[in-house]
Amino acid sequence: MAPSPTGFLHIGGVRTFLFNWLFARGRGGECLLRIENTDTSREVAESVEQIERSLRWLGIDWDGATTFQLDRIERCQQEAERLVEEGAAYEDEGAIRFRMPNDGVTGWDDAVKGRIEFPSEQLEDVVLVRGDGRPTYNFASPVEDWLDGITHVIRGDDHVSNTPKQILILQALGAELPVYAHVPNVFGPDGRKLSKRHGAVSVDEFRAAGYVAPALMNFLALLGWAPDGETTIMSGGELVERFTLEHVGASPATFDYAKLDWMNGVYLRELALDEYAESLLAYLRELGSDWDAQRVRAAAPLVQEKIARLGEFPDFAGFLFHDVEPDPSLLDGTILAAAAEAIAGVESFTADGIEAALRELCDRLGLKPRQAFQPIRVAVTGSKISPGLYESLQLLGRDESLERLRRASGLTGASGSSAR
RNA sequence: GGCCCAUUCGUCUAGUGGCCUAGGACACCGCCCUCUCACGGCGGCGGCACGGGUUCGAAUCCCGUAUGGGCCUCCA
C-alpha cells in the first residue's frame, strides 16, 4: 500500500488488500503488508499507523512486521549496478535506466484477466534508480517481490501496463516470476473513480457512520467477486474458505451504498441483543457521547430492527436522552390532554399496560390508533418516525412522558384542539 | 494520439456452446402485516452494447464498431 498523506485508508485499496488476504488465508499462505513509501517523514509513520488500525478493525491481519520500500534502497542500488555491469541497464544523466528489448512481446497469464501481451516496442527504458539514488516504484516493487519470495501479486488493474516492465526486470534479475492478478478498480455511481464526493471512502468514515466490520468486509468481498451468484451473506471464515481468483470479475464494479446499508442492517439484526447493546454503546462512546449506558442498553431492543447503521441512533432515539421540540402543527390538544390523562392512570407502567390504556383511549375518542397516536408520538419523540410508542413511553418513564404530553398540549393554543 | 483492458437487469453478480422463454441479491413499484418507521411475507418491473461471422445450436468462440476505463513521470 502507498501511504496516503492524509492518513486515510481508501476503501478501494482495502478491497484489494482484502482479496490478497482472503487468497493467502484460504491457501495457508502468508500475507505481507508493504508500504510503498517514497520518503520517511513523520506523516508517513502516522499514516502507516492509521492504515494498520483500519485494517485490524476490519478484521484483516498480516504476517510479520510492516515493511517499507525505502528500507531496501541500498539493495536496489546494488542490483541496479549489477544490471549495468551485465549490460541490462545503463547510466543516463545520473540515473540508471533499464534496457527494454526492441522486438517481440512480453506477456503473462493474468489470474483475473487472462492472457495479456504487450509489444516490446511499446516499452520505454524505465528509470530504475533516480539521480539522487532512490529507486523508482517500478524497480523497487519487483525487487521486493523477488526478495520477499512473493508468489502472487494481487493488485489494482491500474498496474497492468507496469507489469511487462516488471516482468522484464525480474527476468534480468534472475528471479522467478510471481503470478499476477489484476483486479478492476471500484467506481462511484457516476462511473468515475470512487472519491469523497460519492460519500464515505475511508475505513474511518464507514466506521464513524456506524457500519460494522463484518458487514463491510462481506460487502467489499462481493465487489467484483461472487462465489456462486446466490450466496450473499458470508462470515469472514466463509469468505476465506470460498474465495478464488478465478471468480474475480474482470470488469470494474460500482460501489452501491444502498446495498451496503442493507447488508449492515442484516448484520446488526443478527447480533444477540446484548452484543447489539454493547456495540451500540461502544459506538456512541467513540462518537464522544455521554448518554447513560443503562438507558442506551435499554433502548437497544427498540431500535435493533429499525436502523441499518448505528449512526442513525442519535436521530432516531435521541429523544430518550434529551428534550424535544415538536412541530405544533402536528399536535392536537384534545388528544394530548386525553392521552396524558390515560397515561397518568396506567397502573403498571409497562408497554403492555400503556398499550391497553392508549387503545382504550382510541375507543373513547372514536379514533383509529394511527390517527390518535401520531400527535402523541410527535409530542413525545419530536418526530413522526420513532421506535414503538408503548416501549418508548415506558422507557421514558411516566413523569417525563406526562411532562412532554402536557407541554405539547400547551403548544396547541388555548382553544385546545386544532388538528389538521 | 499510441498501447492495454473491459462491456449480462439502475447496481453487485450467476452463466466457461445445448440445463437460459438468462437465475439470485440490492434498489424501485404494488399488496399483506402494522401505532409511525423498519423487519418479515407475496408479487411485479427490468438485462446478454451493436454488427458480422463460426456452429446443428452462442450470453458463452472469432472479427469489427461503439462506449467506458487504465497507462504512456527520475509518481506510486
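Within every chain, numbering begins at 1; the chains are lettered A, B, ... in the order of the sequence lines, protein sequences first and strands thereafter.
Candidate nucleotides B:rC39, B:rC74, B:rC35 were compared by shortest atom distance to the side chain of A:Phe373, and B:rC35 ranks first. Closest to the side chain of A:Arg130, from the set B:rC75, B:rC12, B:rC35, is B:rC75. The side chain of A:Ala226 approaches B:rU13 more closely than any other nucleotide in the set B:rU13, B:rG10, B:rA76. In this structure, the nucleotide among B:rA76, B:rU8, B:rA25 sitting nearest to the side chain of A:Ser251 is B:rU8. You'll find that the side chain of A:Ala258 is closest to B:rA27, out of B:rA27, B:rC74, B:rC4. The side chain of A:Ala250 sits closest to B:rA6 out of B:rA76, B:rA6, B:rC26. Minimum atom distance to the side chain of A:Glu36 is reached by B:rA76, of the listed B:rA76, B:rG15, B:rC35. Listed candidates were B:rC74, B:rA6, B:rC39. Nearest to the side chain of A:Pro252 is B:rA6.
In this entry the distance linking CG of A:Asn138 with C1' of B:rC75 reads 10 Å, nearest Å. Separating the CE atom of A:Met263 from the P atom of B:rU11 is a distance of 18 Å, rounded to the nearest angstrom. Between the C1' atom of B:rC26 and the CD atom of A:Glu230 lies a distance of 14 Å, rounded to the nearest Å. Atom CG in A:Asp190 sits about 17 Å away from atom P in B:rG10, given to the nearest Å. In this structure, CD1 of A:Ile233 is placed 9 Å from C1' of B:rA25, rounded to the nearest angstrom. Across the protein-nucleic acid pair, A:Asp110 atom CG and B:rG70 atom P stand 18 Å apart, rounded to whole Å. For the pair A:Lys306 NZ and B:rG40 C1', the computed distance is 12 Å after rounding to whole Å. Rounded to whole Å, atom P of B:rU11 lies 16 Å from atom OH of A:Tyr257.
Of the nucleotides present, none pairs with B:rC37 by Watson-Crick or G-U wobble criteria with both distances under 3.5 Å. Applying the Watson-Crick and G-U wobble criteria (two distances, each under 3.5 Å), B:rU11 pairs with B:rA25. The base-pairing partner of B:rA6, taking Watson-Crick or G-U wobble contacts with both distances under 3.5 Å, is B:rU67. Figure legend. B:rC74 is base-paired to no nucleotide; pairs are counted as Watson-Crick or G-U wobble with both atom distances under 3.5 Å. Across all strands shown, B:rU55 forms no Watson-Crick or G-U wobble pair with both key distances under 3.5 Å.
Nucleotides B:rA6 and B:rG10 have their P atoms positioned 22 Å apart, rounded to a whole Å. Going from the P atom of B:rC20 to that of B:rC12 covers 24 Å, rounded to whole Å. Here the separation of B:rC45 from B:rC26, taken at their C1' atoms, is 15 Å to the nearest Å. B:rC63 and B:rU73 have their P atoms separated by 29 Å, given to the nearest Å. With P as the reference atom, B:rA58 and B:rA25 are 29 Å apart, rounded to whole Å. The separation of B:rU60 from B:rG47, taken at their C1' atoms, amounts to 15 Å, rounded to a whole angstrom. Comparing the C1' positions of B:rC9 and B:rC5 gives a spacing of 24 Å, expressed to the nearest Å. Taking atom C1' on both B:rC50 and B:rC4, the two are 22 Å apart, rounded to the nearest angstrom.
Here A:Gly249 lies out of heavy-atom contact (under 4.0 Å) with every strand. Residue-level contact check: A:Ala95 touches the bases, meaning some heavy atom is under 4.0 Å from a base atom. Residue A:Lys384 is in base contact, counting any heavy-atom pair closer than 4.0 Å across all strands shown. In this structure, A:Pro387 reaches the bases: a heavy-atom distance under 4.0 Å links it to at least one base atom across the strands shown. Nucleic acid contact class of A:Ser386 (heavy atoms, under 4.0 Å, all strands): base. Residue-level contact check: A:Leu389 touches the bases, meaning some heavy atom is under 4.0 Å from a base atom. Using a 4.0 Å heavy-atom cutoff across all strands shown, A:His182 reaches no nucleic acid atom at all. Looking at heavy-atom distances under 4.0 Å, A:Phe219 makes no contact with the nucleic acid at all. As judged by a 4.0 angstrom heavy-atom cut-off over every strand, A:Asn162 is placed among the base-contacting residues. Within the nucleic acid shown, A:Asn185 has no heavy atom closer than 4.0 Å to any nucleic acid atom.
Taking the six-membered ring for Trp and thresholds of 30 and 60 degrees, A:Trp108 and A:Tyr180 have ring planes more than 60 degrees apart, a perpendicular arrangement.
The residue among A:Leu223 and A:Thr231 whose nearest nucleotide of RNA chain B is located toward the 5' end is A:Leu223. With RNA chain B read from its 5' end, the first of the two nearest nucleotides for A:Asp228 and A:Ile385 is the one closest to A:Asp228.
Of the side-chain N and O atoms in A:Arg192, one or more sit less than 4.0 angstrom from OP1 or OP2 of B:rG69. Dashed line: the shortest gap from a side-chain N or O of A:Arg115 to OP1 or OP2 of B:rC5 is not under 4.0 Å. Remark: A:Arg309 is not in phosphate contact with B:rA38, judged by side-chain N or O atoms under 4.0 Å from OP1 or OP2. Neither OP1 nor OP2 of B:rC74 sits under 4.0 Å from any side-chain N or O of A:Arg134. Residue A:Thr254 places at least one side-chain N or O closer than 4.0 Å to OP1 or OP2 of B:rC12.
A cation-pi geometry, defined here as NZ or CZ lying under 6.0 Å from the six-membered ring centre and within 45° of its normal, holds between A:Arg75 and A:Trp146.
A donor-acceptor pair is defined here as one N or O able to donate and one able to accept, closer than 3.5 Å; no such pair exists between the side chain of A:Arg242 and the backbone of A:Asp228. Here the side chain of A:Arg295 pairs no donor or acceptor atom with the backbone of A:Phe321 at under 3.5 angstrom.
With hydrogens and angles left out, the side-chain atoms of A:Asp332 and A:Gln374 include no donor and acceptor closer than 3.5 Å.
With sequence neighbours left out, A:His159 forms a ring-ring contact (aromatic ring centres under 6.0 Å, His included) with A:Tyr137.
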Please write out each protein N/O paired with an N/O of nucleotides 1-3 of chain B under 3.5 Å, distance rounded to 0.1 Å.
| unit_1 | atom_1 | unit_2 | atom_2 | d |
| --- | --- | --- | --- | --- |
| B:rG2 | O2' | A:Gln122 | NE2 | 3.1 |
| B:rC3 | O4' | A:Gln122 | OE1 | 3.2 |

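Taking the six-membered ring for Trp, A:His198 and A:Phe255 have ring centres at least 6.0 Å apart. Ring centers of A:Phe19 and A:Phe243: under 6.0 Å apart, within the cut-off.
The base of B:rC35 lies close enough to the side chain of A:Arg377 for a donor and an acceptor atom to sit less than 3.5 Å apart.
Evaluated for a side-chain contact (heavy atoms from CB on, under 4.5 Å) with A:Leu9, the options A:Glu205, A:Met1, A:Arg53, A:Glu52 yield exactly one hit, A:Met1.
The number of heavy atoms from other shown groups lying within 6.0 Å of CD (A:Glu341) does not exceed 12. Taking a 6.0 Å sphere around CD of A:Gln171, one finds it holds more than 12 heavy atoms contributed by other residues, nucleotides or ligands.
Smallest separation of non-hydrogen atoms from A:Asp256 and A:Phe219: O-CZ, 3.5 Å.
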